[in-house]
Structure formats: C-alpha cells, structure tokens
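Not measured: the values here are computed from a predicted model. Start at 1 with the first residue, then count along the sequence.
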Amino acid sequence: MERAAGRAAALHRPRVLLALLLLLALTCVMLLDGYLRAEVGDDQRVRTGASSSEVPGEILDGGPILSFPGGQAETTSVPDRTIVLTFDDGPDPTWTPKVMEVLEEYDVPGTFFVVGSMVARHPGIVEDLVDRGHEIGVHTFTHVDLSYQSASRVTREVEQTQLALAGAAGITTTLFRAPYSSKTDAVDNYSWQVYRQLGEDGYTSVFTDTDSEDWKEPGVARIVEGATPEDGEGASVLFHDSGGDRTQTLEALSKYIEKMQAKGYSFTTVSGAMAEQQPAGGSGTDGSGAGGPAAGAPSGTGNPLQASHRPATGTTLYAGEALLAAVAVAEWTVPALSAALVVVGVAVLGRFGLMLVLARRHHRQRNRRRFGWGPPVTRPVSVIVPAYNEKECIGNTLRSLAGSTHPIEIVVVDDGSTDGTADLAEGLGLPNVRVIRQENAGKPAALNNGIRSARHDIVVMMDGDTVFEPDTVGRLVQPFADPRVGAVAGNAKVGNRSTLIGAWQHIEYVMGFNLDRRMYDLLRCMPTIPGAIGAFRREAVLRAGGMSEDTLAEDTDITIALHRAGWRVVYEEHARAWTEAPRTLRQLWSQRHRWSYGTMQALWKHRKSLTDKGPSGRFGRVGMPLVVLFQVVTPVFAPLIDVFTVYSMVFVDFRAALLAWLAVLGVQLVCAAYAFRLDREKYRYLLMMPLQQLAYRQMMYLVLIHSCVTALTGGRLRWQKLKRTGEVGTPAGTGG
C-alpha cells in the first residue's frame, strides 16, 4: 500500500509542478506588465537644487553633446545655423506617427529619445522611425530620475531599453538622454556620476540648448518662441512626441520648421551635428563613429543606419525578440484577464446575493410551523457504514448510531481493512449491527454491497469517521414522506475545528457547502449528496445502477443520475453529522483533489443532461451550468482577485485596491455571518476568514488547476484513505 501511495505521489508531482508553473508564469506576466507601465513603487522623484561642485567647469559651460573619448569628458556644440530636433518620451501610438508625418512633409530628420517600456509595447513605430532615417537614443526603460538610482539600476534601465530596440528594429544605439535633463549647466554631482558611468560604457549623452516646453501646452506661439535659439546659433531643441496631448506640439512643429528654414537654418541629427563640428575645448569626435555617410540624412529616403546605430546581433538580438514576445503576451493577457475577472466578480457577487435571498427563503419555508413533507416517517431504515482501516473512528461512529432515536439497522461493510476494523465493530456488542467483510474493492463497491444487503427501503449512507446526533436519522428521512423525493442531503459539520486548518474548513462547510445546498434545494438542482450524511430510496439507487465506479465522486454521480431519472433531491438542514476533516495540508490537498477531479468526471459523464427534456432535464438546464460556473470556472479565477489586488497595490493605486479587496471581503463576511446564523454557529470562527482568503483559497486554486491538468492528461486516481485520529467523539462534545 505504501509503495502504491509512493507511485501515486510520483505521478502527481509533475501535475503539481505544472500547476505551480502556470501560477508562476501568470505572476511573471503581471509583473512584466506592471514594470512596462513604469509605475513600480510610483517613483516620481526629481532632484533639484543639488550642488555641481564636482562637475568640471568646461562641461557646465560646454555644448549639449557630452562624450568621453579616451576616458576624457568633452562636449560638442551644434554648428551655427543648424538645428537638431529631438523628441522625448515616445514612441506613442497616436502622436509619434503624426510627428513623423510632419518631418516627412518638410524632409527633416529627427532624433527620438525613446522610453524602453514604450518601445516594447509599440515596436512597429520604432522600426518605422529607423526605416525613415531618423535617429534613436535611449531615454531609460521606466523614465525615472537616475540620480536617485543605484549603478546597477542605471545599467538595467539602459540595457533593457537596448534589448527593446534590438527586438523592435534590430539595432542598438550609442546615444543617451536622461529623463528630466535640460542644459549642461544643470548637471549636478549626482547626475555627473551617472553620465560618467555611461560615458565609460561608450554612450554619448545629449542635452538641450533650447526647450520648447511643449509639455506645458502654453500655446503654439510660445512653443515656437521657446524652441528658437539666438539668431545664427545652432541648437539642440527639445520637443515631445508622447506624455499627453501633443496637438499644440504638431502645429508648433510645422510653424517652427518653416520659420527656421526661412532664416536659412538646416536640420540634422545628433550624429550629423557631431560630424560637422569639432568638440568644444578639444578635437576629434566622440568615438561613436559619427560622421559616416548617413549623418544628418533626411527622412523617407531609405537611408542606411545612422552613425550612432549598431546592428543588433547574437544574444542581444534574440533576447530582444524574446522580450517583445513576452511583452506581447503580457499586453494581451493582463487586459483579457482583467476583463474576465470583472465578469467573474459580477458572477460571484450575483451568486452571493442569490444565495442570501434563497437561503433566507429556504430557512423560512422549512421552519414554518405548518411545513411538513407528509405523514411522519417512522419505519426502520438501514444505515450503511463503508469502512477501510477505521479503527480510530469506528467505535465513536457506531456508538453514536446506537443512540439513534429512530429505528435503524447498521450495516458495516469492511473493505478489506488491515487494522482490525471489522473485529472492533463486532467486539462492541451493539444491537442491530451487522458486519460484512469483503476484499478491498473501493468505496463504491462497499456501498453497493451494503445497499444489496440492506433490509429496508430507505438507506442512509455515512463515512466511517462520522458521528450522528441522536435525532439525525429521524430528521434526515422525513422528506421521504413525499413520494417524489429520491434522496436527501444532510448537514455535514466539521468536528475537529480547533486547529487553523479545521477552522478554515468549518467556514467552508457552513458557508460554501450548506448555504449552497439551500440555494440548490429551492432551485431543485442539488448537485451532490455528501458522503458524510445522505439518505436514498434503495429502489431509486438500484434502478440507477448503484454507486458507480466511473468517477471519484460517486456521491455527485449518483445524485445527478437520480435527477435525470426524475427524482427530487432535497436538503434537510436539521439533520446534522459531525465529521473529521483533514488535519494537514497534504491530507487536505489529497481530499480536495479527489473531490474536484471526481466532480469534473461526473459532470463530463452526465454532459448529455444538457439536452434532457421535461422535469428530469431541470438539472441539465439549471444545475449543470451553475455547477460548472461556480465549482469549476469561478474557483479558478476567484483567487486571482487577490493576485490582482497585489498587482494593483504595487503598480496602480494602493489605497483603491485595498479598499476594493476589503469590500469584497466584507460581502463574503456578510454571507458567512448569515450562514453561521442559520446554522446557529459561533461567530468567533469568522475571525479566521481574512487569512483563509489569503492562504486557503490559493491552495484550493492550485488543487483545481491540478485537477484540470489531471483531467487533460488522462490521469487516474484511486479511492484515497486519509489518516484519522478519532478525535471527533460524541456530538455533544463537538458543538460550537
């Protein structure tokens, strides 16, 4: 048996690993999406007023192009009557193409300092910029002030942007412009360290001579005026092709080009300016290779690469393409998942509302003084107890049945136990107890053996680790006074609720199971009679073929079969049974995996119920869609609400996300509190509910994913035995 369990565990590990990998992949996609939106930590700090005591004076007074040939800092000015048009913060899917149209109209080149996250999201625009002969520079990946960042963060910001450029246009670039930079006279001690670091890596940093301040939207005339240099002087001019409404920028750009051309100015790129001008205070070029045949070439002419561009090859090219592929997945996945979660959220909240309304209605209906199923059912019934290695629990189970106020016979079916369960049952000497021994064949076979051996027309089925209250059987069988009733579900309670795991399951049983059963009862589409406490017409079960071994959820299977045969299945809230829930996470995983996988099997087996006609088709029309939606689909998505909450807290709005999560938790607490009130349970267990939502629900999500993977891969499971302690004793000792 231990070897079989080991083999089963070995088979399940790959599926568990796959489930974890799916969750990890989704988390990575969401992290990437958040990072692309440049809102990690919402770092919007901009350093001002810092000292420049460590910056060489010739740099502060030099031109706007800073390079480090041979390790020595040099600046280069733009030649007289020459304009270098630079654009920051793009590419933008709306404005960058319009800026290109204006530049193409006047046959003017531009130098675009792009943000890596925007490149990754809009690679086609960058490719178009390069194809039209424009020059590209790095403007960091997330547009943060680098003077606040570590050296490693600076390197990442630049390298990630280079990867995005490699994937988008097959190039890298030697040009760099820091966010929030302006003229060289604004370089301070902090930013100087950044420029020196990048200069040692071969980058040329580009500043401005004139700033249009178009981002302020001051009006077209003021934008043109701000961008205009002193008469005859050359200038590196700053515009923006992203970051807001650029309508004024577009109009001003046309007027500015016309104005400067009328004054005899020419337009070039940064590389073109460097090729024409000797460095201020020195000689030579910046080492970037500026001055090649493409320097200053106009757009739209199919030019070769700008001198600052380098063809991306090898690992850089492949890594860049992989980055863009991951971004494309994130750009599609996160919005689609967000939309799906909205739908799921609405469905879940709608379900909560429906449960509250129908649960109240069910409670009022079933507790009316005049309510009754018919004449009291007083005839004896058979109680079937399937048992496999239940020596810890069988005594408590049988003693609780012996105290029944309703006449019963007890049929213990020992399914090949190796721990002496059958001998213990016989040794108790309790009246009306029969012990049937069989070779180990599984729970369905044990139940079928008990059904065939039962002497009465009503059979109650329970687990070997469950105890009944004295009036449980009597209450459970009363609905059979209605000849249309074929099965009755009882109220299963967690007996060992003193531990954290037990408390979580207690909340789940009261809210998730019993509140659901009230709703399904009124809708006449009860999907499952719990194995811990259920009653059946013996004739109905036999006509349905008995307890099937086709699925791991024989209780769900037989319940649906009875619906399809035209029988009513109802819920009796006052018939209570106390069961021992799994004590460890491993046991809980094993149990819930079997439940969820078995439920999927049963739903698939009875898929044709969707087309059943007449009263017997009610489950297919109502129950099947509800079970699929709320026991398969929404449980997969519901835990992701927590993941999206964390995502929103980190990348969007912490306060709003927290309030939304608390609001959903509040709705669940209201439902749970009402369910506890109906079941007369103590509210103190609800203190565990927030932690249950954070930890327990995630585990249930993984279990369901595991079950889905098992179903898709054709895996099979056996009836699994959980280790019991026998701590659930007489009902009187387990209440509250």
Check your understanding: What are the two closest heavy atoms between H574 and R475, and how far apart are they?
Key ->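 Closest heavy-atom pair between H574 and R475: O-CD, 3.1 Å.
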
SB check [X] [Y] (cutoff 4.0 Å):
| X | Y | answer |
| --- | --- | --- |
| R437 | E426 | yes |
| R517 | E572 | no |
| D679 | K493 | yes |
| E409 | R455 | yes |
| D557 | K605 | yes |
| R351 | D516 | yes |

Determine whether [X] and [Y] make a side-chain contact, defined as any pair of heavy atoms from C-beta on separated by less than 4.5 Å.
| X | Y | result |
| --- | --- | --- |
| V488 | Y571 | no |
| M355 | R518 | no |
| T466 | W578 | no |
| T421 | Y388 | no |
| L476 | I533 | yes |

Exercise for review: May I ask you to decide if the ring planes of Y685 and H506 are parallel, tilted or perpendicular, using 30° and 60° as cut-offs?
Suggested key: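 Perpendicular: the ring planes of Y685 and H506 meet at over 60°.
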
Study note, to complete from the structure: Between the CD1 atom in I384 and the CZ atom in R434, the distance rounded to the nearest 0.5 Å is 9.5 Å

Point to revise | Face-on cation placement of R586 at W589 ring, 6.0 Å and 45° thresholds | key: no

**Study point:** Distance-only polar pair, side chains of D612 and H563, donor-acceptor under 3.5 Å
**Key:**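 There is no such pair (donor and acceptor under 3.5 Å, judged by atom type) between the side chains of D612 and H563.
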
